[in-house]
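Each chain gets a letter, A, B and so on, in the order its sequence line appears, and its residues count up from 1.
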Protein chains: 2
Amino acid sequence: MNEFDLIRRYFNVETADHTELGIGDDAAIVRPSPDCDVHVAVDTLVSGRHFFADVDPAALGHKALAVNLSDMAAMGAQPRWALLALTLPRVDDRWLTAFAGGFFALARQYGVTLIGGDTTRGPLTLSITVMGESPRATALCRHAAQPDDDIWVSGQLGLAALALKHHPPGPSAPPADVLAACRRRLEWPSPRVALGLALRPLAHACIDVSDGLMADLGHIVARSGLAAEVWLDALPTHPWLADRRAQHIDCLAAGGDDYELCFTAPAHARGAIAALTPTCPLTRIGRMHAAPGTARLLDSAGNDISIGRSGFDHFQDQA
Amino acid sequence: MNEFDLIRRYFNVETADHTELGIGDDAAIVRPSPDCDVHVAVDTLVSGRHFFADVDPAALGHKALAVNLSDMAAMGAQPRWALLALTLPRVDDRWLTAFAGGFFALARQYGVTLIGGDTTRGPLTLSITVMGESPRATALCRHAAQPDDDIWVSGQLGLAALALKHHPPGPSAPPADVLAACRRRLEWPSPRVALGLALRPLAHACIDVSDGLMADLGHIVARSGLAAEVWLDALPTHPWLADRRAQHIDCLAAGGDDYELCFTAPAHARGAIAALTPTCPLTRIGRMHAAPGTARLLDSAGNDISIGRSGFDHFQDQA
């Protein structure tokens, strides 16, 4: 099978709305909606680093796209197009069929068209580019937090990190049903696209929690030139973790791979934000402060909690 | 050094025209020009497959971007934005400084802004997404060739393939000066961006010669539903190769990595196309035919020449 056959067999789909020219030319051509800005982000997943080599390929296809859609969600952008750069050690029909199945199921769910990519031979690596759009000047950016904004987070935190911490499960692992729920969140994250769109008129700054809550909130803090306090006891999580907050601060406040949205909004938006909970659970977890500073995690007595690991970083173990 | 420091140190540049939001948020935001379509392409380079692990990192930075700009050139698009997904085994200051130097020198030359990317740890792999724009419905596509079109190619063919064939140089290698010229073409290709823009009103179909002339022309043939003849004796190349056409048909007609443009145009455009030669050398090498068929390579007597290897294919050595 050559590269062209491979693309035709697994990845060639009909083009859709907003797409002038899809797979099969030197570039794809898209036509953004009138008066819209175009968003673009790329994320790479490396075997052995971001996923286990024996991962379910359907889950991998899902997750590779999901982490990129999560970037669109964090911008309040409508995802529309994706490109897949796939480096494979070999052509394995079952693997590719399952991978494409996971990828396209999620793409269809969000109306995303695969418009191009590249297939090469080498160590298993996926690099996905996703593009979306939003009406001019409506995007949710990291630098837009305001003093006294509430800090909110969607869904539950720490489940993916807990699953990773207990892989393979040892004697200290959580009960099997808890671990299964956590592993599902690690392997099949749900990008918060609908929430991101709904937050456009309500939120100021927004980021997706991919590297750990405190690290990601730290980007909002730094780029907005503000400070933040976060209340450990308020962090939404799985009941099993909620009963063991103190032992699992690392998962809760610094665990990666949550793909929830962390956003700031003015107090007068609380009612409108609470009304979004049918879309997904939303919890108020802290507050922004005016003076430039850091993101602090506080216990119930208002004391600072230090966390050893402030977020996932691919190069942190190197001087 | 963490991922954020790495990006700040080597890859953070000021944003430029057409860019609303560059590096540092969940996605970049660009604002295409009015009434323009947006082009996007991605190419991946894998160490040991597309380049030698000990390649000059400045040349690699140049080439990684050049191959993507070549895709924009082939569409007649104005390149504007790039994203760099860089997977690195380690952080090596000298390597990264040189790589970024090669990348940005070319980016500046073509007015391209690096607006985002991703850095991860793993086997050395580069995946670059490039975006450009063109006024609506002016793009040069593979499917647009017409019967009786001339077939043209820019520059010289086969030099990069010759350099690759003789690396490291053995007893049958060309003279050192020839090999040096060929290696320069392999490592420092010049994307034909200005030519692509100039061809918009003149050419019908266009493709860049990255996988070998006959394979790439084959895409125009297939997508246009036509046939093509190409004259071996007409193929422009280095004088040393021109004197040895018969022995080096593989390099000339099926060698990859040329990054020249192959395009079709009506006979009445010959004068206007010839007037572009100050931009770069352009040679008429064949003709399109009406009946659906293949791309045939002919010798001076009009006989078919068979070439064993019809183009570079990453998966061709696997059943």
Is [X] close to chain B through its backbone or its side chain, or both, or neither, when contacts mean heavy atoms under 4.5 Å?
X	answer
A:R136	both
A:V46	side chain
A:I29	both

Taken to the nearest 0.5 Å, the spacing of A:H219 NE2 from B:D25 CG works out to 10.0 Å
Between the CG atom in B:L261 and the CG atom in A:D26, the distance rounded to the nearest 0.5 Å is 8.5 Å
Does B:L21 reach the side chain of A:H39, with side-chain heavy atoms less than 4.5 Å apart? no
**Message:** Is any side-chain heavy atom of A:R49 closer than 4.5 Å to one of B:T87?
**Reply:** no
| said: Can a side-chain donor-acceptor contact be found between B:T120 and A:T44 if the only test is distance below 3.5 angstrom? | reply: no
Here the pair of heavy atoms bringing B:A137 nearest to A:R31 is N-NH2, 4.2 Å
Taking every heavy atom of B:M72 against every heavy atom of A:A27, the minimum-distance pair comes out as CE-CB, 3.7 Å
With chain B, the option among A:L45, A:V30, A:T129 that has the most non-hydrogen atom pairs under 4.5 Å is A:V30
Under a 4.5 Å cutoff for heavy-atom pairs, which residue among [options] has the most contacts with chain A?
options	value
B:V130, B:V40, B:D71, B:V42	B:V40
B:A41, B:P32, B:A139	B:A41
B:S127, B:C36, B:C141, B:P34	B:C141
B:L140, B:D35, B:T125, B:D43	B:D43

